[in-house]
Amino acid sequence: PWTGLNGSVAAAAVVGAARAARRRHWRLLAGTVLTIGLFSAASFPVGLERFRLPMLPFLFVLAATAVRPPDRPPTSA
């Protein structure tokens, strides 16, 4: 069950990142994906579960974006 939960949160985060990119929410992507990527690169050799804890809020933000994507930003004319 724990592995399934981790996999579903990660899959929802990927879908959320794709939806945010499609809707051009660059600040949301930069704040979440960049933080997750840099933290993963820093803790990659160890790979312990406790190093995933600081990334959970960012993963949950992206997973929430998968469920209900933010509105499109207004276009400037």
Side-chain angles (χ1 to χ4, degrees):
W2 183 248
T3 303
L5 177 66
N6 285 336
S8 62
V9 169
V14 169
V15 171
R19 285 190 177 178
R22 192 171 347 132
R23 290 180 181 254
R24 296 186 178 116
H25 286 278
W26 306 123
R27 280 187 255 165
L28 174 69
L29 282 173
T32 54
V33 173
L34 189 63
T35 304
I36 292 169
L38 289 174
F39 200 88
S40 296
S43 64
F44 177 73
V46 180
L48 296 175
E49 186 69 23
R50 66 184 164 137
F51 287 117
R52 229 182 115 242
L53 189 61
M55 291 190 292
L56 281 177
F58 302 104
L59 287 170
F60 287 148
V61 167
L62 286 174
T65 303
V67 175
R68 185 177 184 282
D71 297 329
R72 291 184 186 268
T75 58
S76 58

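We use all heavy atoms of the structure for the numbers below, so side chains are in, but hydrogens, waters and symmetry mates are not. Treat the numbers as computed from the prediction; the structure is a model and nothing was measured. Along the sequence shown, the residues carry numbers beginning at 1.
Between Ala66 and Val15, the shortest heavy-atom contact is CB-CG1, 3.8 Å. Across all non-hydrogen atoms, the minimal contact from Phe58 to Thr32 is O-CG2, 4.1 Å. Looking at every heavy atom in both residues, Ala20 comes nearest to Thr65 through CB-CG2, 4.2 Å.
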Discussion item. Let's go through Leu62 and Ile36 carefully: what are the C-alpha distance in whole Å and the side-chain angles of both, what is the deciding distance for side-chain contact (heavy atoms from CB on, under 4.5 Å) to 0.1 Å, and is it a yes or a no?
Written reply: CA-CA 11 Å; Leu62 286 174; Ile36 292 169; 4.0 Å; yes
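In this structure, Val67 is not a member of the same hydrophobic cluster as Val14, with clusters built from ILVMFWY side-chain heavy atoms closer than 4.5 Å. Linking Ile, Leu, Val, Met, Phe, Trp and Tyr whenever their side-chain heavy atoms come within less than 4.5 Å puts Val33 and Trp26 in one cluster. Linking ILVMFWY side-chain heavy atoms closer than 4.5 Å, directly or via other members, places Phe60 and Leu34 in two distinct hydrophobic clusters. In the hydrophobic clustering of this structure, Leu53 groups with Leu59; members are Ile, Leu, Val, Met, Phe, Trp, Tyr whose side-chain heavy atoms approach within less than 4.5 Å, directly or through other members. Connection of Met55 to Leu5 is established within a shared hydrophobic cluster, with ILVMFWY side chains joined at heavy-atom distances below 4.5 Å, either directly or through further cluster members.
For the pair Asn6 and Val9, the minimum side-chain heavy-atom distance is 4.5 Å or more.
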